[in-house]
Participant: 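Structure in structure tokens, see below.
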Amino acid sequence: LLIQPGISQARKQRPLDPLALHQQQVELTLSALAEGDGPPPDVVCWGETMLGFPLVGDTLAEAVRMGALGEVSLPGISLPPDRLPQAVEGWKRLEDRLVRERLLGSGPGRLLPEGCSFVCGAEVLVLFEGEVRRVNAVCSWSPTGKRMSVCPKLELVPGGETLYGLEDLKSVRDVVLEVAGYLPNLLAGDETGVFDLSRPDGRAWRATGTVCYDNSFIHPYADPLARGEHIDLHVVCSNEAWYLDSWEMDQMVCMSRMIAIATARPLIRATNSGVSCIFDASGQELGRIRENGVDRQVAGALSREVPIQPKTASVTPFCHIRAYIPWSMLLLALLLSMGSRGSGGYQSDFGE
């Protein structure tokens, strides 16, 4: 079950109450569950950074527990260091109350169906080399409410999420903070995150978790398969509200379709404002969220059964040879160039 709240970028960046966005998605989820006439979903998926509050990564939680935050710096985070431990405990309580208890808790107060997992894009705060850093990630929770994974974004948006080290210069940092109000110094992941989604039979599906701009590249999806990991499907949590209703959204959808085809695995796109859709392993679209025929800047939900490839499904040759294709094309161009020189070039005096 995909949930698309139809939130504009302006509202997402500067919400009057971040938890109001969370509540909007809760209400949309409950409405979709109530109106559904099929079996209950195995997983509910929200878009990019849509929890309404940051999650606390294991490294930061451990530092707080050990009382080791005296020398920690907070570049670009509007929070005094002496208030960080209290803020960390507050964020952990929000996750407990709003996700573990409200969405996935035991008893009659649980909002999601029994046995249903939850996947959502989230901002995760981690401790890295003495600094508190932000990670844009896809996170998953088991049907019992346990957080199972943090799959970090691999490809950061130039200027919006990274300044390629220029943010280390105080003069640059001061200007950026004054103009943008935040520091584009997100921490990127080293490799694609993979997580488990519970199945009704007690086993699990294996999924890649990627965020937004990752959708523009093939390596986050092909690399895990090429290195021998079993992957059943790809999950993309994206925010494309920046694009309003322009052709960039269609371009992202085309890229998603090609990822499904190139890896022969289904792909799920859960976005904040559109286009949210599902592709099978052949790239055929199984459905997308629409409101009165419009698929962007609208709110809605989509429930579909995703056909998973059998365990014996092979890895496409493309996943293995992908890294060699550019070099092969370069070698072919060199060979053609050498052959052209050896032929003596263009002759204009045919009759002499």
Participant: Kindly work out whether a path of hydrophobic side-chain contacts (I/L/V/M/F/W/Y, heavy atoms less than 4.5 Å apart) joins Ile259 to Leu225.
Facilitator: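 Hydrophobic grouping puts Ile259 apart from Leu225.
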Participant: Counting N and O atoms only, with roles assigned by atom type, does the side chain of Arg265 sit under 3.5 Å from a partner on the main chain of Ile231, one being a donor and the other an acceptor?
Facilitator: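 Checking the backbone N and O of Ile231 against the side chain of Arg265, a donor-acceptor pair under 3.5 Å is found.
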Participant: Could you check whether any side-chain N or O of Thr162 sits under 3.5 Å from a backbone N or O of Pro158, counting only pairs where one atom can act as donor and the other as acceptor?
Facilitator: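 Answer holds: no.
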Participant: Counting distance only, does the side-chain N/O of Thr29 pair as donor-acceptor with the main-chain N or O of Gln25 below 3.5 Å?
Facilitator: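 Yes.
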Participant: Which pair of non-hydrogen atoms, one from Phe195 and one from Ser149, has the smallest distance, and what is that distance?
Facilitator: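 So the two residues come closest at CB-OG, 3.2 Å.
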Participant: Show your working on salt bridge (charged side-chain N to carboxylate O under 4.0 Å, His left out) between Lys170 and Asp174 and close with a plain yes or no.
Facilitator: CA-CA 6 Å; Lys170 186 178 184 305; Asp174 292 343; 2.8 Å; yes
Participant: Knowing that exactly one of Leu111, Val44, Leu197 qualifies, which makes a side-chain contact (heavy atoms from CB on, under 4.5 Å) with Cys116?
Facilitator: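 That would be Val44.
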Participant: For the residue pair Ala301 and Ile3, what are the closest heavy atoms and their distance?
Facilitator: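 Shortest heavy-atom separation between Ala301 and Ile3 comes out as CB-CD1, 3.8 Å.
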Participant: Charged N to carboxylate O under 4.0 angstrom, Glu95 versus Lys92?
Facilitator: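 Looking at Lys92 together with Glu95, the answer is no, because their closest N to O distance does not fall below 4.0 Å.
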Participant: Would one find more than 12 heavy atoms of other residues, nucleotides or ligands at under 6.0 Å from atom CG of Asp37?
Facilitator: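 No, because the 6.0 Å sphere around CG of Asp37 holds 12 heavy atoms or fewer from other groups.
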Participant: Could you tell me whether the side chain of Arg133 and the main chain of Asn185 form a donor-acceptor pair under 3.5 Å?
Facilitator: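 Checking the backbone N and O of Asn185 against the side chain of Arg133, a donor-acceptor pair under 3.5 Å is found.
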Participant: Checking the side chain of Asp96 only, and the main-chain atoms of Arg100 only, is there a donor and an acceptor separated by less than 3.5 Å?
Facilitator: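 No, Asp96 side chain to Arg100 backbone: no donor-acceptor pair under 3.5 Å.
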Participant: Tell me whether the centres of the aromatic rings in Trp46 and His22 are closer together than 6.0 Å.
Facilitator: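 Between Trp46 and His22, the centre distance is under 6.0 Å.
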Participant: Which pair of heavy atoms, one from Gln24 and one from Pro5, lies closest together, and at what distance?
Facilitator: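 Looking at all heavy atoms of both residues, the closest pair is NE2-O, 3.1 Å.
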Participant: When you measure from the side chain of Arg110 to the backbone of Pro113, do you find a donor-acceptor pair of N or O atoms at a distance under 3.5 Å?
Facilitator: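 Here the side-chain-to-backbone pair exists.
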Participant: May I ask you to say whether Asp196 pairs ionically with Arg206, meaning some side-chain N is under 4.0 Å from a carboxylate O?
Facilitator: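 Result for this pair is yes, salt bridge flagged.
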Participant: Under 6.0 Å from the CD atom of Glu229, do we count more than 12 heavy atoms belonging to anything else shown?
Facilitator: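 Yes, enclosed.
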Participant: Do you know the tightest heavy-atom contact between Val315 and Cys319?
Facilitator: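 It is CG1-CB, 3.6 Å.
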Participant: Check whether any side-chain heavy atom of Pro266 sits under 4.5 Å from a side-chain heavy atom of Phe279, and report yes or no.
Facilitator: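 SC-SC contact between Pro266 and Phe279 ruled out.
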Participant: Is the gap between the ring centers of Tyr221 and Phe217 under 6.0 Å?
Facilitator: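 No, the ring centres sit 6.0 Å or more apart.
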Participant: Please find the pair of heavy atoms, one from Ala204 and one from Asp232, that lie closest to each other, and give the distance.
Facilitator: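 In this case the closest contact between Ala204 and Asp232 is O-OD2, 4.3 Å.
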Participant: Do Asp42 and Arg199 come within less than 4.5 Å of each other through their side chains, counting heavy atoms only?
Facilitator: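 No. Closest side-chain heavy atoms not under 4.5 Å.
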Participant: If you take all heavy atoms of Cys139 and Ala122, which pair is closest and at what distance?
Facilitator: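 Smallest heavy-atom distance, with atoms named: SG-CB, 4.1 Å.
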Participant: Is there a side-chain contact between Leu244 and Met249 (heavy atoms, below 4.5 Å)?
Facilitator: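 Side chain of Leu244 against side chain of Met249, heavy atoms only: no contact under 4.5 Å found.
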Participant: Nearest 0.5 Å please: distance from the CZ atom of Arg257 over to the CD1 atom of Ile261.
Facilitator: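 So the gap between those two atoms works out to 7.0 Å.
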Participant: Does the side chain of Leu154 reach to within under 4.5 Å of the side chain of Glu191, using non-hydrogen atoms?
Facilitator: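 With C-beta onward as the side chain, the pair stays apart.
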Participant: Less than 4.5 Å apart, any side-chain heavy atom of Thr210 and any of Val235?
Facilitator: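 Contact flag for Thr210/Val235 side chains = no.
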Participant: Same cluster or not: Val211 versus Ile268, using hydrophobic residues (I, L, V, M, F, W, Y) connected whenever any side-chain heavy atoms lie under 4.5 Å apart?
Facilitator: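 Yes, Val211 and Ile268 fall within the same hydrophobic cluster.
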Participant: Answer yes or no: is there a donor N or O on one side and an acceptor on the other, between the side chain of Asn239 and the main chain of Asn272, under 3.5 Å?
Facilitator: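 No; zero donor-acceptor contacts below 3.5 Å.
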Participant: Given Lys311 and His230, is the side-chain contact (heavy atoms from CB on, under 4.5 Å) satisfied, shown in steps?
Facilitator: CA-CA 8 Å; Lys311 291 288 185 182; His230 176 78; 3.4 Å; yes
Participant: Is it true that Arg296 and Asp245 make a salt bridge, defined as a side-chain N closer than 4.0 Å to a carboxylate O?
Facilitator: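 No, Arg296 and Asp245 are not salt-bridged.
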Participant: Going through the distances and angles, do Val275 and Ile289 end up as a side-chain contact (heavy atoms from CB on, under 4.5 Å)?
Facilitator: CA-CA 7 Å; Val275 176; Ile289 294 176; over 6 Å; no
Participant: Is there side-chain contact between Val176 and Pro184, with at least one heavy-atom pair below 4.5 Å?
Facilitator: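 SC-SC contact between Val176 and Pro184 confirmed.
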Participant: I'd like to check Val99 versus Leu51 (side-chain heavy atoms, cut-off strictly below 4.5 Å). Are they in contact?
Facilitator: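 Yes. Closest side-chain heavy atoms under 4.5 Å.
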Participant: If we ignore hydrogens and angles and just use 3.5 Å, is the side chain of Thr316 paired with the main-chain N or O of Ala262 as donor and acceptor?
Facilitator: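 Yes.
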Participant: Would you say the side-chain atoms of Ser337 pair up with the backbone N or O of Ala333, donor to acceptor, closer than 3.5 Å?
Facilitator: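 Not at all, since once roles are kept as given, no pair shorter than 3.5 Å links the two residues.
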Participant: Do Ile278 and Met255 land in one hydrophobic cluster if side-chain heavy atoms of ILVMFWY residues count as linked below 4.5 Å?
Facilitator: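 Ile278 and Met255: separate clusters.
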Participant: Rounded to the nearest 0.5 Å, what separates atom CG in Asp280 from atom CG in Leu233?
Facilitator: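 Going from the CG atom of Asp280 to the CG atom of Leu233 covers 12.0 Å.
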Participant: After noting the C-alpha distance and the side-chain angles of Leu1 and Leu302, does the key distance pass the side-chain contact (heavy atoms from CB on, under 4.5 Å) rule?
Facilitator: CA-CA 6 Å; Leu1 174 63; Leu302 174 69; 6.0 Å; no
Participant: Roughly how far apart are Asn136 CG and Cys212 SG, rounded to 0.5 Å?
Facilitator: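 That separation rounds to 7.5 Å.
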Participant: Can Glu240 and Arg269 be counted as an ion pair, charged N to O under 4.0 angstrom?
Facilitator: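 Result for this pair is yes, salt bridge flagged.
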Participant: Kindly compute the distance separating CG (Leu156) from CG (Leu163), expressed to the nearest 0.5 Å.
Facilitator: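 Interatomic distance, Leu156 CG to Leu163 CG, rounded to 0.5 Å: 10.5 Å.
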Participant: Say whether Val306 and Val138 are linked into one hydrophobic cluster, either directly or through other cluster members, by side-chain heavy-atom distances under 4.5 angstrom.
Facilitator: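 Yes; Val138 is reachable from Val306 via cluster members.
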Participant: Leu286, Val119: one ILVMFWY side-chain cluster at the under-4.5 Å cut-off?
Facilitator: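 Both belong to a single hydrophobic cluster.
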Participant: Salt bridge check, Lys153 against Glu161: does any charged N sit closer than 4.0 Å to a carboxylate O?
Facilitator: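 A salt bridge is present here (some side-chain N lies under 4.0 Å from a carboxylate O).
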Participant: Can you tell me how far the OG atom of Ser238 sits from the CG atom of Asp214, to the nearest 0.5 Å?
Facilitator: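 Atom-to-atom, Ser238:OG and Asp214:CG are 9.5 Å apart.
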Participant: If I take atom CD from residue Glu123 and atom CE from residue Met50, how far apart are they, to the nearest 0.5 angstrom?
Facilitator: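 Between Glu123 CD and Met50 CE, I get 13.0 Å after rounding to 0.5 Å.
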Participant: Given Leu19 and Leu98, is the side-chain contact (heavy atoms from CB on, under 4.5 Å) satisfied, shown in steps?
Facilitator: CA-CA 10 Å; Leu19 293 186; Leu98 298 181; 3.9 Å; yes
Participant: Measure from the side-chain N and O atoms of Gln4 to the backbone N and O of Ser276, and report whether any donor-acceptor pair falls under 3.5 Å.
Facilitator: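 At least one qualifying donor-acceptor pair exists.
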Participant: Are the side chains of Ile7 and Leu21 in touch, meaning some heavy atoms are under 4.5 Å apart?
Facilitator: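 With C-beta onward as the side chain, the pair touches.
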